[in-house]
Amino acid sequence: MLAHRTVVHLMLHIAVPALAARMLCRKDFLRAWGIMLATMLVDADHLFADPVFDPNRCSIGFHPLHSVAAVGIYALMTFVPLSRNFRITGLGLLIHMLLDGADCLFMK
């Protein structure tokens, strides 16, 4: 069951940004999806944890780039109109955090 949840979680990190890019950026779908996929680099903060991967650990609030303050910054990025790519990056990060948060709920 645990391996199944992990696979579904990882697949959602690909599928949900694709859906968001398709709905919000039709003309620039591939670029928007690529930017949102690149936001998965936020998981680099997992490298500072021991163990690096723990399927039973909630990322939200544990890793520095998954903190409540970081999520607030990602929300600002989404809604501050500096550039389209900046906003897409913020959206990708928010989607990532929402999916990680949902995974935390399924752990309980």
Side-chain angles (χ1 to χ4, degrees):
M1 182 70 168
L2 186 61
H4 175 63
R5 192 185 86 225
T6 301
V7 170
V8 169
H9 178 76
L10 293 173
M11 296 303 293
L12 286 173
H13 275 294
I14 296 168
V16 173
L19 181 63
R22 184 77 171 132
M23 289 175 26
L24 301 172
C25 306
R26 281 195 185 278
K27 292 180 182 179
D28 295 326
F29 164 72
L30 287 177
R31 181 181 58 81
W33 187 32
I35 290 169
M36 287 190 231
L37 287 177
T39 65
M40 286 198 289
L41 290 171
V42 74
D43 280 339
D45 63 356
H46 291 234
L47 296 173
F48 299 108
D50 184 27
V52 171
F53 175 72
D54 181 355
N56 293 311
R57 178 175 56 219
C58 179
S59 296
I60 304 298
F62 184 84
H63 301 291
L65 297 176
H66 292 68
S67 68
V68 173
V71 173
I73 292 169
Y74 306 152
L76 283 174
M77 289 173 68
T78 302
F79 298 106
V80 173
L82 290 179
S83 76
R84 185 166 173 83
N85 289 345
F86 189 75
R87 293 177 71 191
I88 291 169
T89 301
L91 179 61
L93 289 164
L94 276 183
I95 289 169
H96 185 101
M97 296 304 136
L98 287 170
L99 291 172
D100 283 0
D103 195 46
C104 293
L105 292 175
F106 284 112
M107 284 182 212
K108 297 181 180 189

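Because only heavy atoms are used, hydrogens play no part in the values below, and waters and symmetry mates are left out as well, while side chains stay in. From a predicted model like this one, the values you see are computed outputs, not experimental measurements.
- At a threshold of 4.5 Å between side-chain heavy atoms, the hydrophobic network of Ile, Leu, Val, Met, Phe, Trp and Tyr places Val80 and Leu94 in one connected group.
- Between Ala21 and Trp33 the shortest heavy-atom distance is CB-N, 3.7 Å.
- The line from CZ of Phe62 to SG of Cys104 is 11.5 Å long, rounded to the nearest 0.5 Å.
- Separating the OG1 atom in Thr89 from the CG atom in Leu82 is a distance of 11.0 Å, to the nearest 0.5 Å.
- Val71 and Met97 make their closest contact through CG2-CG, 3.7 Å (heavy atoms, listed as atom of the first residue, atom of the second, distance).
- Cluster membership check: Met40 does not share its hydrophobic cluster with Leu98, using side-chain heavy-atom separations under 4.5 Å among Ile, Leu, Val, Met, Phe, Trp and Tyr.
- Transitive grouping of hydrophobic side chains (ILVMFWY, heavy atoms separated by less than 4.5 Å) keeps Tyr74 and Val16 in distinct clusters.
- For Arg87 against Thr78, the heavy-atom pair with the smallest separation is NE-O, 3.0 Å.
- Residues Pro17 and Met36 share a closest heavy-atom pair of CB-CB, 3.7 Å.
- Between Leu37 and Ile14, the shortest heavy-atom distance links the atoms CD2-CA, 4.0 Å.
- Arg84 has its side chain within reach of Cys25: a pair of non-hydrogen atoms, C-beta onward, lies under 4.5 Å apart.
- In this structure, Met77 CE and Phe86 CZ are separated by 4.0 Å, a value rounded to the nearest 0.5 Å.
- For the pair Pro55 and Thr6, the tightest heavy-atom approach, listed with the atom from each and the gap, is CB-OG1, 4.1 Å.
- Side-chain N/O atoms of Asp43 and His63 include no donor and acceptor closer than 3.5 Å.
- One finds the CD1 atom of Ile88 at 11.0 Å from the OG1 atom of Thr39 (value rounded to the nearest 0.5 Å).
- Ring geometry, His66 versus His46: the interplanar angle exceeds 60°, so the pair is classed perpendicular (tilted spans 30 to 60°).
- Note that CD1 of Ile73 and CG of Leu65 are 9.5 Å apart. Values are rounded to the nearest 0.5 Å.
- Although no hydrogens or angles enter the test, the distance criterion places no donor-acceptor pair under 3.5 Å between the side chain of Arg31 and the main chain of Asn85.
- Of the inter-residue distances, the one linking Asp103 atom CG with His9 atom NE2 reads 5.0 Å to the nearest 0.5 angstrom.
- By the criterion of side-chain heavy atoms lying less than 4.5 angstrom apart, applied directly or through intervening Ile, Leu, Val, Met, Phe, Trp or Tyr residues, Leu91 is grouped together with Ile35 in one hydrophobic cluster.
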